[in-house]
A.B. asks: 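Provided herewith is a single structure, encoded as structure tokens, for subsequent inquiry.
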Amino acid sequence: MADNKFDVIVIGAGPAGYVCAIRAAQLGLKTACIDAFKGKDGKQALGGTCLNVGCIPSKALLDSSRQFWNLTHNLPAHGISVENAKVDLATFIGRKDKIVKQFTGGVSLLFKSNKVTPFFGTGKLLKGNQVEVTGFDGSRQTLQGANVIIATGSVPIELPFAKFDGKHIIDNAGALDLDAVPGRLGVIGAGVIGLELGSVWKRMGAEVTILEALPDFLGTADQDIAKAAAREFKKQGLDIHLGAKVTRAEVKKNAVEVTYSDKDGEHKLSVDKLLVAVGRRACTEGVLGEGTGVRTDERGRIEVDEHCWTGVDGVWAIGDCVRGPMLAHKGSEEGVMVAELIAGKAGHIDYGVIPWVIYTEPEIAWTGKTEQQCKAEGTPYKTGSFPFAANGRAVAMNEPAGLVKVIAHAETDRILGVHMCGPVVSELIAEAVVAMEFKGASEDLARIVHAHPTLSEVVHEAALSVDKRAIHKAN
Ligand code: FAD
Ligand code: NAD
């Protein structure tokens, strides 16, 4: 095969694209992957949003800041005290940068070992499955693919009255790279980024005010879980205003003056930094040349069927640039599915059982339907729940906040959704995902032996509670 001809060309090396490229290469397909991302040092960096300015760096800072917060907020209850605890911010940020480099470099090594050919620059799909690559130096070359997979990800949504300037009004990348703890951090949007990065800087000592347009807190989560989490965030001092419509954000001297209105009228808020985290949009501008036949929807997302096929021979799209939740693991599984379909294997994703995790303290995790969704659909359901406060391990850890809630079909007992808020529920949710993937019933979870004393007993008791037979609480 000529050097510029490939079985598979992937545009974008985020968790959707790079995983797709590796799986395609594993299956014996000659594979190229093009990526345009430049790291903090101005050099090419594989791994996309997730590895560079998303999942991995945010979890690094969440973990460091949690350790610091625990020193003053958790350890005293264990009889441990530390005087004059302080953080060296350069080390705090530097540790995160090292982790990012380790993982982005890891993708390069995986490309090498799997014989994926990387191209650095911008890819554009042309008619006939050709891809034009514009290198960082402006040079151009054209590749030919039997299959082309668009995995160009997403970018932060910018508000017209609060444009990112990288200094005072910042996006996720800016909030992961502050050179000083802001005295006052304003956040627009109490979504996943607002809560995670708001928590990081709150724990580091900032006064954090979060302005959320919607009247309900975390409307996509089960509302029992959202309420339990909101109570804890309030105790931590995260100042969350719901139903707050921001109308202006002006940089004045070294501060941002924010104007917002809620049911009580208009308010002003002055902050040192303003993080705008109001969602992300598909990054598809300039990706499609004339006459490719690939369609985008009203939100700029590439239209695909349930197998991520665009309807054009050999052209597929995966990850944040298509419908569905903007989650790394969702994109990666789509990448695997598409590579396997191209190689003539079966490929399928159960979109109803994708886990969601918010890495706050307590963590929030869920999979399947919420109670409000079951109600709206008219599905007959029953629920069971159990609090971490009645679990020996959680209390021993001094982390008793939160609960697990199981929703099952009222007639068949099949699990419809599992919702959690509490310690390390990011890990506990996997049990619920497995149970649901195997079409399990709440009875199945209730009959599985769970080790004692573990946090997983809360899942067990919540499942028992569906039939009002939890042992360690009144039913
Ligand atoms: P991306 O990761 O966005 O990668 C797309 C890549 O394509 C980028 O490198 C981009 O530069 C490149 N590209 C774009 N256009 C072109 C082009 N024309 N030519 C060549 N290359 C191009 N998700 C989770 O599941 N768990 C988390 O904990 C989590 N935390 C997050 C924290 C933050 C702060 C943010 C912002 C996001 C987080 N996410 C998390 C979401 C997650 O990062 C995304 O869902 C995921 O990165 C999407 O993967 P992707 O491959 O579709 O796109
Ligand atoms: P989001 O959709 O989670 O939250 C945005 C919030 O901003 C919403 O609550 C929305 O109502 C609010 N909002 C929108 N416009 C507003 C306005 N003008 N004023 C005030 N509030 C407004 O989006 P995000 O937090 O930016 O994150 C983007 C996506 O990245 C997430 O949806 C998620 O898919 C992904 N992500 C995932 C994780 C994780 O899995 N742990 C972490 C971070 C990001």
Side-chain angles (χ1 to χ4, degrees), residues 1-37 44 46-48 50-51 104 106-135 140-153 282-284 287-289 292-294 302-322 328-349:
M1 209 182 269
D3 278 357
N4 70 337
K5 284 200 168 161
F6 293 88
D7 296 316
V8 170
I9 300 173
V10 186
I11 309 179
Y18 86 73
V19 169
C20 182
I22 290 172
R23 185 69 189 122
Q26 280 177 350
L27 290 163
L29 300 164
K30 186 182 171 196
T31 304
C33 187
I34 306 157
D35 194 80
F37 198 92
Q44 69 228 20
L46 298 171
C50 171
L51 266 54
T104 55
V107 177
S108 294
L109 292 176
L110 287 170
F111 273 9
K112 239 180 227 149
S113 60
N114 285 285
K115 301 195 170 47
V116 173
T117 309
F119 288 87
F120 298 103
T122 308
K124 182 176 184 174
L125 177 69
L126 307 177
K127 239 169 140 172
N129 295 3
Q130 292 198 324
V131 178
E132 181 184 77
V133 184
T134 307
R140 286 197 183 175
Q141 58 185 314
T142 304
L143 310 179
Q144 177 72 51
N147 290 277
V148 178
I149 294 123
I150 303 167
T152 48
C283 172
T284 52
V287 176
L288 303 173
T292 60
V294 176
I302 292 174
E303 287 190 9
V304 288
D305 67 10
E306 73 277 19
H307 289 122
C308 293
W309 183 49
T310 62
V312 175
D313 259 358
V315 183
W316 314 74
I318 57 176
D320 278 12
C321 69
V322 303
H329 41 284
K330 174 262 191 187
S332 297
E333 289 309 318
E334 288 180 335
V336 169
M337 171 176 74
V338 167
E340 295 191 344
L341 288 171
I342 289 170
K345 294 180 169 293
H348 173 74
I349 291 175

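Just so we're clear, the structure is a prediction, and the values are computed from it rather than from any experiment. Values below: every heavy atom of this structure, side chains too, minus hydrogens, waters and symmetry copies.
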A.B. asks: Working to the nearest 0.5 angstrom, can you tell me the gap between Asn114 CG and Cys33 SG?
C.D. replies: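 That separation rounds to 12.0 Å.
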A.B. asks: Considering non-hydrogen atoms only, spot the tightest contact between Ala317 and Ile302 and give its length.
C.D. replies: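 The answer is CB-CG2, 3.6 Å.
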A.B. asks: Looking at Ala25 and Thr31, what are the two nearest heavy atoms and their distance?
C.D. replies: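 Heavy atoms of Ala25 and Thr31 come nearest at N-OG1, 3.6 Å.
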A.B. asks: Name the one of Gln26, Arg23, His348 that satisfies side-chain hydrogen bond (donor to acceptor under 3.5 Å, both in side chains) with Glu340?
C.D. replies: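 The side-chain hydrogen bond (donor to acceptor under 3.5 Å, both in side chains) with Glu340 is passed solely by Arg23 among Gln26, Arg23, His348.
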A.B. asks: Which atoms form the tightest heavy-atom contact between Trp309 and Val315, and what is the distance?
C.D. replies: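 Looking at all heavy atoms of both residues, the shortest contact is CD1-O, 3.3 Å.
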A.B. asks: Do any N or O atoms from the side chain of Thr152 and from the backbone of Gly12 form a donor-acceptor pair under 3.5 angstrom?
C.D. replies: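 The answer is no, because no donor-acceptor pair under 3.5 Å joins these two groups.
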A.B. asks: How about Ile318 and Ile149: do any of their side-chain heavy atoms sit closer than 4.5 Å?
C.D. replies: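 Counting from C-beta outward, Ile318 and Ile149 do come under 4.5 Å.
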A.B. asks: Do Leu125 and Ile150 touch side chain to side chain, with heavy atoms closer than 4.5 Å?
C.D. replies: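 Touching, per the 4.5 Å side-chain cut-off.
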A.B. asks: Answer yes or no: is there a donor N or O on one side and an acceptor on the other, between the side chain of Asp35 and the main chain of Phe37, under 3.5 Å?
C.D. replies: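 Pair found, side chain donor or acceptor close to backbone of Phe37.
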A.B. asks: Just so I know, are the side chains of Thr117 and Phe6 near enough to count as touching, which here means a heavy-atom distance under 4.5 Å?
C.D. replies: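 Sidechains of Phe6 and Thr117: in contact.
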A.B. asks: Rounded to the nearest 0.5 Å, what's the gap from CG on Asp7 to NZ on Lys30? Could you check?
C.D. replies: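 Answer rounded to 0.5 Å: 8.0 Å.
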A.B. asks: Do Val131 and Phe119 have side chains that approach each other closer than 4.5 Å (heavy atoms only, starting at C-beta)?
C.D. replies: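 SC-SC contact between Val131 and Phe119 ruled out.
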A.B. asks: So, for Gly47 and Tyr18, which heavy atoms are closest and what is the spacing to 0.1 Å?
C.D. replies: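 In this case the closest contact between Gly47 and Tyr18 is CA-CD2, 4.2 Å.
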A.B. asks: How long is the straight-line distance from CD of Glu132 back to OG1 of Thr122, given to the nearest 0.5 Å?
C.D. replies: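 Separation between the atoms: 9.5 Å.
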A.B. asks: Does the side chain of Asn4 reach to within under 4.5 Å of the side chain of Thr142, using non-hydrogen atoms?
C.D. replies: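 SC-SC contact between Asn4 and Thr142 ruled out.
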A.B. asks: How about His307 and Val338: do any of their side-chain heavy atoms sit closer than 4.5 Å?
C.D. replies: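 No, their side chains stay 4.5 Å or more apart.
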A.B. asks: Find the distance between NE2 (His329) and SG (Cys50) and round it off to the nearest 0.5 Å.
C.D. replies: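 Spacing of NE2 (His329) from SG (Cys50) equals 10.0 Å.
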A.B. asks: Side chains of Leu51 and Leu46, heavy atoms from C-beta outward: is any pair under 4.5 Å?
C.D. replies: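 When only atoms from C-beta onward are counted, Leu46 and Leu51 do not touch, as no gap falls below 4.5 Å.
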A.B. asks: If you compare all heavy atoms of Cys321 against all heavy atoms of Thr284, which two are closest, and at what distance to 0.1 Å?
C.D. replies: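 Reported closest heavy-atom pair: CB-CG2, 4.0 Å.
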A.B. asks: Rounded to the nearest 0.5 Å, what's the gap from CG on Asp3 to CG on Leu143? Could you check?
C.D. replies: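 One gets 10.5 Å once the value is rounded to the nearest 0.5 Å.
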A.B. asks: How close do Val10 and Ala151 get, counting heavy atoms only, and between which atoms?
C.D. replies: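 Looking at all heavy atoms of both residues, the shortest contact is CG1-CB, 4.3 Å.
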A.B. asks: Side chains of Glu334 and Val304: does their closest heavy-atom pair fall under 4.5 Å?
C.D. replies: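 SC-SC contact between Glu334 and Val304 ruled out.
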A.B. asks: Looking at CG of Leu341 and CG of Leu27, how far apart are the two atoms once the value is rounded to the nearest 0.5 Å?
C.D. replies: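 If we round to the nearest 0.5 Å, Leu341:CG and Leu27:CG are 10.5 Å apart.
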